[in-house]
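As structure tokens, the structure follows; a few thoughts come after it.
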Amino acid sequence: MFSLIKRIAPDLGPLRDSRDYRLLMVSGVITMFGTFVTMVALPFQMMELTGDYVAVGLMSLAEFVPMVVCGLWGGAIADALDRRKIVLFSEVGLLVTSGLLTVNAMLPRPQVWVLYVVGAIAMGLTCLQRPSLEALIPQVVRHDQLPAAAVLASLRWNIGAIAAPALGGLLVATHGSALAYGLDTASFALSLVLLWRMRAVPPHEEARPASLKTLAEGVRYAWRRSDLMGTYLVDIAAMVFAMSTALFPFLAKQLGAPQAVGLLYSASAVGALIASLTGGWTARVHRHGLGVIVAAGLWGVAVALAAVVPNLFAVFFCLALAGAADMISGIFRSTMWNQTIPNELRGRLAGIELLSYASGPMLGNARAGAMAAFGGARFALGVGGLLCVGAVAALAGALPKFRRYDARTDEHALAEKARRELAAP
């Protein structure tokens, strides 16, 4: 029994062996709680101020352009500058935006425009920072420990995704939005203290200033590698065809349990958390491309099953299974990225990754709403899940290099491993 637990439990080696990784992880846990609390507080406060569904929905639209522009540019500067400094300056900016939201919420008449403008700026800063955070991990974790680091990162995210929104909902409902924003502000201040203690991470000696040309070089590199394109395209296809969280309120009502809509929203995170807690086995998998394909296919199957099972708990189980499959896919994708992309390109590729996994859910929910208007929520769930399976199978057939990827023999993985071992002394 003990040996089984040891085989499936997360490997804590990266936390034990790397001081900088510990600082990154603890900082991430702290800011993640604050950020998730604000994610609940922003639409809640907009609802209180306007009572308008459209006004709440426009918040996501206001954040979309900063996400795209800053995500790509954040990748370019991550390869041109000290990544630690980018993270620190972005963290200061996020502290200021949270402080502005706190002050606005404390006014006798909070301003609606502040929520749109500051929310968009905060999204831009987050997406500017994210590529540098992602690119730092291969620089502070040993090459052979990167799969374990991917599992730990997913575990951190899932704990935050389950606990923090519940805390945020409780805070805004009982004490108002100002306290929630204040907690977020404090989390960034504490995180800054930890990030400041990290060592400097200078750019590659041949790094050039960020420009549209260097950004285009990153896009061309990704395009030339069909194994990388497979990680992006499979994830986008899975999200576009099977992401359906917009349907959950309607599905809960059809199941005769409208009060349990929150249970449906949490199901995926619960499944993902279980997958993270038992994800130690993923470090022993080397066929990461095939792993992504199988996991994305299981995600689609689970979503399709959720459309036909008869009761709330069966639906919850299917959605939890979908969340677990999606998390396993994410672990394998992250491992491929971190083990094969050269350090001098890691930031730009992280910007592309950000767009691939952030845009898919937005498009998927739009697809789900359109299909539900045609045939109902269960129709949109079921057909979406089946379309996901078909799209993943088609991509697996069209991208043989992605399907056959093996970390033990792949030229990019071996070259990056050799470079890191040479630089280790």
>> Nearest 0.5 angstrom please: Leu264 CG to Leu312 CG, how far?
In response: 5.5 Å

>> side-chain hydrogen bond (donor to acceptor under 3.5 Å, both in side chains) for Glu416 and Thr340? Distances and angles first, verdict last.
In response: CA-CA 6 Å; Glu416 189 59 21; Thr340 68; over 6 Å; no

> Quick one: side-chain hydrogen bond (donor to acceptor under 3.5 Å, both in side chains) partners of Asp20, sequence neighbours excluded?
Replying inline: Arg199

> Going through the checks in order, is the side chain to side chain contact (heavy atoms under 4.5 Å, CB included) test met by Val303 and Cys318?
Replying inline: CA-CA 7 Å; Val303 170; Cys318 290; over 6 Å; no

> How many angstroms lie between CE in Met336 and CG in Leu146, if you round to the nearest 0.5 Å?
Replying inline: 13.5 Å

> To the nearest 0.5 Å, what is the distance between CD (Gln45) and CG (Leu101)?
Replying inline: 7.5 Å

> Given side chains that start at C-beta, do those of Arg130 and Glu353 come closer than 4.5 Å, heavy atoms only?
Replying inline: no

>> So, using salt bridge (Lys or Arg N to Asp or Glu O under 4.0 Å) as the criterion, who are the partners of Lys85 when residues are at least two apart?
In response: none

> What closest approach, in Å, do Thr214 and Pro209 show between heavy atoms, and which atom pair accounts for it?
Replying inline: CG2-O, 3.6 Å

> Does the pair Arg367 and Leu363 meet the rule for a side chain to side chain contact (heavy atoms under 4.5 Å, CB included), with working shown?
Replying inline: CA-CA 6 Å; Arg367 185 272 322 157; Leu363 297 173; over 6 Å; no

> Any donor-acceptor pair under 3.5 Å linking the side chain of Glu63 with the backbone of Ala120?
Replying inline: no

>> Would you say that Leu395 contacts Val234 through its side chain, given a criterion of any heavy-atom pair below 4.5 Å between the two side chains?
In response: yes

> Given Ile86 and Ser90, is the side chain to side chain contact (heavy atoms under 4.5 Å, CB included) satisfied, shown in steps?
Replying inline: CA-CA 6 Å; Ile86 296 172; Ser90 301; 4.1 Å; yes

> Does any N or O in the side chain of Ser191 come within less than 3.5 Å of the main-chain N or O of Ser187, such that one atom is a donor and the other an acceptor?
Replying inline: no

Under 3.5 Å, sequence neighbours excluded: what are the donor-acceptor pairs made by side chains of residues 268-275?
none

> Can you pull the ring pair (Phe, Tyr, Trp, His ring centres under 6.0 Å) pairs that have at least one residue in residues 282-303, sequence neighbours excluded?
Replying inline: His288-Phe332, His288-Tyr405

>> Quick one, Pro14 and Arg142 - any side-chain contact, counting heavy atoms below 4.5 Å?
In response: no

>> Quick one, Arg84 and Leu195 - any side-chain contact, counting heavy atoms below 4.5 Å?
In response: no

>> Using the side chain to side chain contact (heavy atoms under 4.5 Å, CB included) criterion, which residues pair with Asn311? Sequence neighbours excluded.
In response: Phe313, Ala314

>> Using the side-chain hydrogen bond (donor to acceptor under 3.5 Å, both in side chains) criterion, which residues pair with Asp82? Sequence neighbours excluded.
In response: none

> What pairs of residues pass the side chain to side chain donor-acceptor pair (under 3.5 Å) test when at least one of them lies in residues 313-332, not counting sequence neighbours?
Replying inline: Ser329-Arg333

> Considering all heavy atoms of both residues, which atom of Pro342 and which atom of Arg419 are nearest to each other, and what is their separation?
Replying inline: CG-NH2, 3.7 Å

> Just by modelled atom types, is the Gly182 backbone N or O under 3.5 Å from a matching donor or acceptor in the Thr102 side chain?
Replying inline: yes

> Looking at side-chain heavy atoms only, is the closest gap between Trp223 and Leu228 below 4.5 Å?
Replying inline: no

> Are Asn343 and Gln139 close enough that some pair of their side-chain heavy atoms sits under 4.5 Å apart?
Replying inline: yes

> Does the side chain of Leu319 come within less than 4.5 Å of Val315's, by heavy atoms?
Replying inline: yes

>> Pair Thr231, Asp235 - check side chain to side chain contact (heavy atoms under 4.5 Å, CB included), show working.
In response: CA-CA 6 Å; Thr231 64; Asp235 186 49; over 6 Å; no

>> Test of understanding: with side chain to side chain contact (heavy atoms under 4.5 Å, CB included), list the residues that count as partners of Leu95, not counting sequence neighbours.
In response: Thr185, Phe188, Ala189, Leu192

> When rounded to the nearest 0.5 angstrom, what distance separates OG in Ser356 from OH in Tyr232?
Replying inline: 6.5 Å

> Could you state the interatomic distance from OG (Ser276) to CZ (Arg156), rounded to the nearest 0.5 Å?
Replying inline: 11.0 Å

> Between Ala413 and Asp410, what is the shortest heavy-atom contact and its length?
Replying inline: N-OD2, 2.9 Å

> Between Asn338 and Arg346, does any side-chain donor sit less than 3.5 Å from a side-chain acceptor?
Replying inline: yes

> At their closest point, which heavy atom of Ala307 faces which heavy atom of Leu381, and how far apart are they?
Replying inline: CB-CB, 3.7 Å

> Under the side-chain hydrogen bond (donor to acceptor under 3.5 Å, both in side chains) test, which residues partner Gln339, sequence neighbours left out?
Replying inline: none

> Quick one: side-chain hydrogen bond (donor to acceptor under 3.5 Å, both in side chains) partners of Ser177, sequence neighbours excluded?
Replying inline: none

> Side-chain contact, heavy-atom cut-off 4.5 Å: Phe379 with Met371?
Replying inline: yes

>> How close do Met243 and Ala368 get, counting heavy atoms only, and between which atoms?
In response: O-CB, 3.9 Å

> From Met67 CE over to Leu128 CG, what is the distance, rounded to the nearest 0.5 angstrom?
Replying inline: 14.0 Å

> Under the ring pair (Phe, Tyr, Trp, His ring centres under 6.0 Å) test, which residues partner Tyr221, sequence neighbours left out?
Replying inline: none

> How would you list, by chain and number, every residue that makes a side chain to side chain contact (heavy atoms under 4.5 Å, CB included) with Leu15, sequence neighbours excluded?
Replying inline: Leu12, Tyr21, Arg22, Met25, Leu152

> If every non-hydrogen atom of Gly71 is compared with every non-hydrogen atom of Leu354, which pair is closest and at what distance?
Replying inline: CA-CD2, 3.7 Å

> Is it the case that Arg348 places NZ or CZ above or below the six-membered ring of Trp73, under 6.0 angstrom from the centre and within 45 degrees of the axis?
Replying inline: no

>> Is there a salt bridge (charged side-chain N to carboxylate O under 4.0 Å, His left out) between Glu217 and Arg224? Walk through the geometry before answering.
In response: CA-CA 11 Å; Glu217 287 175 358; Arg224 289 195 297 266; over 6 Å; no

> Below 4.0 angstrom, N of the basic side chain to O of the carboxylate: do Arg83 and Glu344 qualify?
Replying inline: no

